[in-house]
Amino acid sequence: MESTMNELGNAASVLDIDPKTAVGGGVEDVYGEDFATEDQLITPWTVSVASGYSLLRDPRHNKGLAFTEKERDAHYLSGLLPPVVLSQQLQEKKLMNSIRQYQLPIQKYMAMMELEERNERLFYKLLIDNVEELLPVVYTPTVGEACQKYGSIFRRPQGLYISLKEKGRVLDVLKNWPERSIQVIVVTDGERILGLGDLGCQGMGIPVGKLSLYTALGGIRPSACLPITIDVGTNNEKLLNDEFYIGLKQRRATGQEYSELLHEFMSAVKQCYGEKVLIQFEDFANHNAFELLAKYRTSHLVFNDDIQGTASVVLSGVVSALKVLGGSLADHKFLFLGAGEAGTGIAELIALEMSKRTNTPLEECRKRIYLVDSKGLIVKSRFESLQHFKQPWAHDHEPVKTLLEAVNALKPTVLIGASGMGKTFTKEVVEAMSSFNERPLIMALSNPTSQAECTAEEAYSWSKGKAIFASGSPFDPVEYEGKVFVPGQGNNAYIFPGFGLGVVMSGAIRVHDDMLLAASEALAEQVTDAEYEKGLIYPPFSKIRKISAEIAAKVAAKAYELGLASRLPRPANLVKYAESCMYSPVYRNYR
C-alpha cells in the first residue's frame, strides 16, 4: 500500500532503513525518574544536590509551601519559607481559584507559563486535573494570541533558538541544552503558525505548548522534551518593524541556504540524541513541510502533526461518525475546503483506510475524495499547474469555481474544512449539505476559533439540527429547538501525545502510515454509546490519559508488527506498560 508520502520520497518506504544510519543512541533515565514509585525517596539532583535558595529556584524540584518540616531542615530551607505546610491539593485549589479570576485568556496563559517556570510538577498537576478547562489556555486557541504577542510577553527563554547565525555550529548549540536524554523534539520555523501566518521566531509558543501536552496528556517526562525554533528570518513586515521582536530582523532565507541549515540541524540531532528521538515538524509552510517529511522519513524518526496528526484525528472522527451516518467508509463521498498540509494529509489517510478496509487500490479510493483550493475544485484540466502534493486529487470533472457549486455538483456526505479561512461554510453551503443528507458530517477544523469555517451554532441552526459537527477549536454546547447539541473537537491533542508515547516506549526507529491508522482506530474505539447519544464523535478530554495509553499501545503493537520497534522483548500487556511509563506530577518526598 503506497501513500502519497511514499511517492514524494520516490517510493521510498520507512521499512527500507538507510544502511548508513545505524540504530543506536536513544535515551537513558539517568536519575531514575521513570523507575521510582511515587512514595520512594529521591534526591533533588541538579549539577549537585539542590538545597536552600537554589532549590526554591529550581522548577523541577521546587514544591513551594509543600516542603515538609523535615525537608526544610534537611535542605536548608528553614526561614526561606513561611511556616505553614500546604498539600499539593491545596496549592492546586488556590491556584485554580486565582487563574479563574482573570478575565482574558492571555492573562491565564501567562499565569500558567509563570507557574511552569517556578514549579513544574504543580503546573502539570493543574493541567492534568483540569484538562478541559486549561487545554484552550495553554494551547489553541489562546496560544495563537500568545505567539502574536510573544515579543511583548517574553520573560524567560524556553527551548532552543537556532538561527542562521549558528549555521555551521548547530551541534554545539544543541550541546548547550542542559538535558542529554531527549525523547521528543518539536521544531518549527514559524512560517505558518496556526491560521495566523508568518510569526517568525515568535512561533516558539507552539513547540512549548505542544510539548506541555506531550507531558500532561501523553506522559512523556518534561526533561525528555525539547522545543526548538529555527529562525531563518520573517516576511512579516509588522514584526520586522517591531522594536520588541525577538528574532532575526531580515527576510526569510530560502532555497539552498534554508535547506543546508535544516540538513545540518537534522544531522546534529541524530548525532547528539541518537536514532530514537522523535522529531515533530510543526507549522512549517506547505512547500517546506511536504519536502522535509519526504526527505527525512526514511533516515530519521520524523512526524508532521499538521499533515499526519491532523489526518489521524480527523480519520478517527469520520470512522466514529459512521456509527451515526451508517454505511462503510467507501460508501461516503468527501469534499474538502483547503488543499494544503492538513487537507491533503487528511484526504490521503482516509483513502489509505478505505483501501485497507475494502482491499481496493489506493488510486480508486482517492476518487471518492474531492478537494477545493483557492482556485476552485481540483480537476484534471488543472493538473500541470498544480503543486505536486495536490496532483493525486485531480479528478475527471468539469471545472467548478466555488465551494457552493462544488457541494451542489458533487453532493458529498462529508464536508471538511482545512482552509485556515473563517466563515467559509456559509448558510447556503450548510443548507445545501442538509438538503441531500439526512445527517451531514460537517468538520470545521481551522484554528484558532476566529478562523473556523463556521461555528457550532451556525452548523446546527442552518442544518435545522441535522448536522453532526466537529471543530478544531472548542465551542460551547448549543441549544436548538429544545435539544442540546455538544460539538465534538477534532483536536490533534487526542492523537500526538499518545502516538509519541507509543513510539518512545517501543523504541520505534521510523514512523509508518499504518501506525497512524492504528492511532485513529484506537481513538474511535474510545467513544461510548452514551457519548454518541449526545452527538459526540470524540470522547471527552477528561479521559485523555486513559485514551493516550490505549493509543500508545496500538501504535507500539503496530511498530512491533512492522519490525520497526527496537525495545525488546515486547511487553506482554502494552496498555499496562504504557500506563507505567507515564509521568506523574505528584510531588516526591526528598531525603
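Treat the numbers as computed from the prediction; the structure is a model and nothing was measured. Note that these values count all heavy atoms, side chains included, but never hydrogens, waters or copies made by symmetry.
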If you round to the nearest 0.5 Å, how far is OH of Tyr150 from SG of Cys201?
9.0 Å
Apply side chain to side chain contact (heavy atoms under 4.5 Å, CB included) to residues Met204 and Ile228 and explain how you reach the verdict.
CA-CA 7 Å; Met204 178 58 97; Ile228 296 178; 5.7 Å; no
Taking it one step at a time, do Thr188 and Thr229 satisfy side-chain hydrogen bond (donor to acceptor under 3.5 Å, both in side chains)?
CA-CA 5 Å; Thr188 186; Thr229 290; over 6 Å; no
If the test is side-chain hydrogen bond (donor to acceptor under 3.5 Å, both in side chains), which one of Glu166, Lys165, Lys167 qualifies with Ser163?
Glu166
Under-4.0 Å salt bridge between Glu145 and Lys149
yes
Carefully, step by step, assess Leu126 and Leu115 under the rule side chain to side chain contact (heavy atoms under 4.5 Å, CB included).
CA-CA 10 Å; Leu126 254 69; Leu115 174 60; 3.9 Å; yes
How many angstroms lie between atom CD1 of Ile153 and atom SG of Cys147, to the nearest 0.5 angstrom?
8.5 Å
Is there a side-chain contact between Lys390 and Asp373 (heavy atoms, below 4.5 Å)?
yes
Counting N and O atoms only, with roles assigned by atom type, does the side chain of Thr142 sit under 3.5 Å from a partner on the main chain of Ile106, one being a donor and the other an acceptor?
no
ring-ring contact (aromatic ring centres under 6.0 Å, His included) pairs touching residues 203-247, sequence neighbours excluded, are Tyr214-Phe496
With the side chain counted from C-beta on, respond yes when Arg221 and Gln183 share a heavy-atom pair under 4.5 Å apart, and no when they do not.
yes
Dump the intermediate steps for side chain to side chain contact (heavy atoms under 4.5 Å, CB included) on Val511 and Val302, then the final yes or no.
CA-CA 7 Å; Val511 170; Val302 292; over 6 Å; no
Contact check, side chains of His263 and Lys295, non-hydrogen atoms, under 4.5 Å
yes
With sequence neighbours left out, which residue pairs that include part of residues 233-246 fulfil the salt bridge (charged side-chain N to carboxylate O under 4.0 Å, His left out) condition?
Glu237-Arg251
Can you tell if the side chain of Val187 reaches within under 4.5 Å of the side chain of Pro207, non-hydrogen atoms only?
no
Enter the distance from Lys175:NZ to Leu160:CG here, rounded to the nearest 0.5 Å.
13.5 Å
Under 4.5 Å between any side-chain heavy atoms of Ser520 and Val313, yes or no?
no
Quick one about His61 and Tyr590 (side-chain donor to acceptor, distance below 3.5 Å, no hydrogens or angles considered), yes or no?
no
Please examine the side chains of Val555 and Ser506, heavy atoms only from C-beta on, and report whether any two atoms are closer than 4.5 Å.
no
May I ask you to test the Gln202-Gln148 pair for a side-chain heavy-atom distance under 4.5 Å?
no
Does the side chain of Asp305 pick up a donor-acceptor pair with the side chain of Asn492 at under 3.5 Å?
yes
Do Gln280 and Lys210 touch side chain to side chain, with heavy atoms closer than 4.5 Å?
yes
Near-ring test Phe303/Phe281, centroid separation under 6.0 angstrom:
no
Got a second to check how far Leu248's CG is from Leu240's CG, nearest 0.5 Å?
10.0 Å
Evaluate side chain to side chain contact (heavy atoms under 4.5 Å, CB included) for Val269 paired with Ile279, printing each intermediate quantity in order.
CA-CA 9 Å; Val269 164; Ile279 305 168; 3.6 Å; yes
The test is side-chain hydrogen bond (donor to acceptor under 3.5 Å, both in side chains); show your working for Tyr258 and Asp189 and say whether it passes.
CA-CA 10 Å; Tyr258 179 90; Asp189 71 353; 2.8 Å; yes
Any salt bridge between Arg156 and Glu114, counting N to O under 4.0 Å?
no
Treating Arg121 as the side-chain partner and Val586 as the backbone partner, does any N or O pair qualify as donor plus acceptor under 3.5 Å?
yes
From CD1 (Ile495) to OG (Ser548), nearest 0.5 Å
9.0 Å
Kindly compute the distance separating CD (Glu341) from CG (Asn288), expressed to the nearest 0.5 Å.
9.0 Å
For Tyr494 and Tyr538, take the angle between the two ring planes, folded into 0 to 90°, and tell me which bin it lands in: parallel under 30, tilted 30 to 60, perpendicular over 60.
parallel
Flag the pair Arg192 and Asp306 as a salt bridge only when some basic side-chain nitrogen lies within less than 4.0 angstrom of an acidic carboxylate oxygen.
yes
More than 12 heavy atoms of other residues, nucleotides or ligands under 6.0 Å from NZ of Lys543: is that the case?
yes
Residues Glu561 and Arg570 bridged, charged N to O under 4.0 Å
no
Asp129 and Tyr124 side chains, donor-acceptor separation under 3.5 Å:
no
Keeping the roles fixed (side chain from Asn235, backbone from Arg252), state whether a donor-acceptor pair exists under 3.5 Å.
yes
